[in-house]
Amino acid sequence: MIDLLAQFNKAFESKARLNIMSVLMVNDSMSFNALKELLSLTDGNLATHLRALEESGYIAVSKQFVGRKPNTTYAATDTGRQAFQDHLNALEAFIKNL
Amino acid sequence: MYESHEHLQTLTEIRSLMERSSKFLSLSGLSGVSAGVVALAGAAVVYTRLRADWVSALGYLPAGSYTDTTHAALVPFLVQVAVAVLVLALLSGTYFTVRKARRQEQRVWNASSRRLLWAMLIPLATGGLFCLVLLMHKLIWLAFPATLIFYGLALLNGSRYTVRDVESLGYCEIGLGLLALVWPGYNLLAWAIGFGVLHIVYGLTMYYKYERNTA
């Protein structure tokens, strides 16, 4: 049991981060506003979680301008995809073993 | 025990988010029903006009008989009915889908609906132009199966971005289009089944499968 729990990724401890990753797994890239709407998080909350994921190297951020408005989009990196898969596998194994 | 329940819930939530964020799920079954009713009405209008001998009037006649005036007058009439059906079906379909999206508290115009629209638009526009050229060459009867086939392909392409059931509807439309190609005498009938009956059946199935409980 302890072994299984050890594989739980600390970066995904918060539900919001796990949710962000699951959205980015199936979408090539997602804008800040689309994520905000989908996950119903506040600006500050979402930004904090996104920064944490970016610092772990799980998501890549790209900033462009659409006209004069800045448009920030997020995409999962290969490391992030792998980490997410591992985390899900650990979750699954944990549930199966109960 | 409590923890396992929590993890299960997390997994369910992840699954739902993955689906919700990549697919447009607000497509209403009632949209299909209304589009089907409009199409049946359109087919009825065409049928009344061509009642005399609607099998041959659609132009499935030996080559060279397309020069007479009845057939020349038929083309604008058919195009007008087809355009009217298309516009009315789109309007009523959009209405029910917008209504469903509002109830689900989702935006209608989001990344997934854009993807769905784009995936369907390319085959549909190709089909539309293809049929216009067929009409230009006075191949009226060929335009009927062609609309069905191209519409089926559009559904098949779009089904990746919405509920999977759209895929089955696509296969049915393509099959029906091919059958209509083999038996051109039943063009109008195939058209009424494809755009009318199939839409109504599909719409009701969707409605009872996904919406009745939430409506």
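All chains are named by letter (A, B, ...) in the order of the sequence lines, taking the proteins before the strands, and each is independently numbered beginning at 1.
For residues 152-161 of chain B, a heavy-atom distance under 4.5 Å to chain A picks out no residue at all. Using non-hydrogen atoms only and a strict 4.5 Å limit, no part of residues 48-67 of chain A faces chain B. Scanning residues 33-43 of chain A against chain B with a 4.5 Å non-hydrogen threshold yields A/E37, A/L38, A/L39, sorted by number.
The environment of B/Y95 atom OH is sparse: at most 12 non-hydrogen atoms of other residues, nucleotides or ligands sit within 6.0 angstrom. The number of heavy atoms from other shown groups lying within 6.0 Å of CZ (B/F130) does not exceed 12. More than 12 non-hydrogen atoms from other residues, nucleotides or ligands lie less than 6.0 angstrom from CZ of B/R114. Summarising the local packing, CZ of B/R102 is surrounded by 12 or fewer heavy atoms from other residues, nucleotides or ligands at distances under 6.0 Å.
Rounded to the nearest 0.5 angstrom, A/M30 CE and B/S22 OG are separated by 9.0 Å. Here CG of A/L88 is found 5.0 Å from CD1 of B/I14. Values are rounded to the nearest 0.5 Å.
With sequence neighbours left out, the salt bridge (Lys or Arg N to Asp or Glu O under 4.0 Å) criterion links B/R164 to B/E167.
The part of B/L11 that comes within reach of chain A is its side chain, from C-beta onward, which places non-hydrogen atoms under 4.5 angstrom from that chain. Proximity to chain A (any heavy atom under 4.5 Å) is restricted, for B/R115, to the side chain, taken from C-beta onward.
In terms of heavy-atom pairs under 4.5 Å with chain B, the best-connected choice from A/L24, A/L18, A/V23 is A/V23.
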